[in-house]
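Everything below concerns the one structure shown next.
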Amino acid sequence: NAGVMQNPRHLVRRRGQEARLRCSPMKGHSHVYWYRQLPEEGLKFMVYLQKENIIDESGMPKERFSAEFPKEGPSILRIQQVVRGDSAAYFCASSPSSAGTNEKLFFGSGTQLSVL
Amino acid sequence: AQKITQTQPGMFVQEKEAVTLDCTYDTSDQSYGLFWYKQPSSGEMIFLIYQGSYDEQNATEGRYSLNFQKARKSANLVISASQLGDSAMYFCAMREDHTGANSKLTFGKGITLSVRP
């Protein structure tokens, strides 16, 4: 049973370009979360999605950032017109549809975004 | 106020000894869950242990145990018989009941643990 798959593992972009980060949740999981981690910092929540719905986007910047989790295919975190401050590790996590408040999140290995 | 506070500087422990990593939390919910994750240098986040606010017993998972003191709002992780592979960042996290099932985890800033041979 494959875990949470994120790709690419490393992504280099120049300022002004777009970054697309992909996340395939674990089999049977319909809840996806995106987190951002700056060096020497903890994980900061960005957005929580279920299939075709954004449930909580309170941690996501209003501009340039968007996320989707379509009916078919992976979840995508999209950053338009990247700036150097977007350089960070972006983690995706998933949980089962029937989870309760005690359900842990299963994390992917992250995508390291570097903006030149 | 910060939801999860981890203020210890880098921690060092001798191999085979026990170490306690501190975590305090802030919530007005009666029902909540506390989690510890490990992040080795490779970067992945590994779940270690969970404690529910209504659990009467402290959680244990192999060499990991959680010293849960509800009145003090602390959930310290105890690692017994430290191994070199325990060297990593350790994050405490919380899910609050009012945010609902499947809601986000809120993480602390983490603690670096180095195990000396």
Side-chain angles (χ1 to χ4, degrees), chain A residues 3-6 8-10 23 25-26 28-51 53-60 67 69 88-113, chain B residues 2-10 21 23 25 27 29-55 59 61 64 66 68 88-112:
Chain A
V4 179
M5 304 299 292
Q6 287 190 251
R9 190 79 169 88
H10 301 276
C23 169
M26 286 183 70
H29 288 193
S30 58
H31 301 258
V32 165
Y33 310 77
W34 286 93
Y35 284 82
R36 176 164 62 178
Q37 184 180 31
L38 296 170
E40 308 302 321
E41 295 282 330
L43 276 70
K44 299 292 186 186
F45 169 77
M46 298 183 72
V47 62
Y48 161 40
L49 311 101
Q50 295 177 22
K51 286 281 187 182
N53 285 302
I54 296 175
I55 307 302
D56 180 356
E57 57 182 347
S58 58
M60 199 153 70
F69 188 18
Y90 292 82
F91 285 91
C92 171
S94 71
S95 66
S97 58
S98 58
T101 55
N102 62 342
E103 190 62 47
K104 62 180 180 281
L105 299 186
F106 294 81
F107 281 85
S109 297
T111 293
Q112 181 64 51
L113 173 65
Chain B
Q2 291 219 10
K3 292 285 186 181
I4 298 287
T5 302
Q6 296 179 266
T7 57
Q8 288 169 304
L21 306 182
C23 172
Y25 58 92
T27 181
D29 284 5
Q30 295 300 310
S31 176
Y32 50 88
L34 297 158
F35 302 76
W36 277 91
Y37 280 82
K38 171 185 177 181
Q39 186 179 43
S41 57
S42 51
E44 72 267 33
M45 294 287 288
I46 302 167
F47 167 76
L48 296 178
I49 196 167
Y50 164 82
Q51 178 83 45
S53 58
Y54 289 123
D55 293 344
E61 290 283 352
Y64 304 108
L66 205 150
F68 181 46
M89 282 281 285
Y90 288 81
F91 293 96
C92 181
M94 176 173 66
R95 174 182 282 125
E96 297 170 273
D97 186 52
H98 79 271
T99 57
N102 295 107
S103 60
K104 63 181 184 275
L105 295 185
T106 301
F107 284 83
K109 291 192 173 183
I111 302 169
T112 301

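Every chain is numbered from 1, with letters handed out A, B, ... down the list of sequences.
- For B:Phe68, there are no ring-ring contact (aromatic ring centres under 6.0 Å, His included) partners, not counting sequence neighbours.
- Summarising the geometry, atom CE belonging to B:Met45 is positioned 9.5 Å from atom CG belonging to A:Leu105; distances are rounded to the nearest 0.5 Å.
- Using a 4.5 Å heavy-atom threshold, the side chains of A:Gln37 and B:Phe91 count as touching.
- If you measure heavy-atom distances from B:Ser53 to chain A, you find no contacts under 4.5 Å at all.
- Distance NZ/A:Lys104 to CG/B:Leu48: 11.0 Å, rounded to 0.5 Å.
- Using a 4.5 Å cut-off between heavy atoms, B:Gln51 makes no contact with chain A at all.
- Take B:Lys109 and apply the side chain to side chain contact (heavy atoms under 4.5 Å, CB included) test, not counting sequence neighbours, and it matches A:Glu41, B:Gln2.
- Distance check, rounded to the nearest 0.5 Å: CD of B:Gln39 to CZ of A:Phe107 gives 9.5 Å.
- Closest approach of B:Ser42 and A:Arg9 over heavy atoms only: O-NH2, 3.0 Å.
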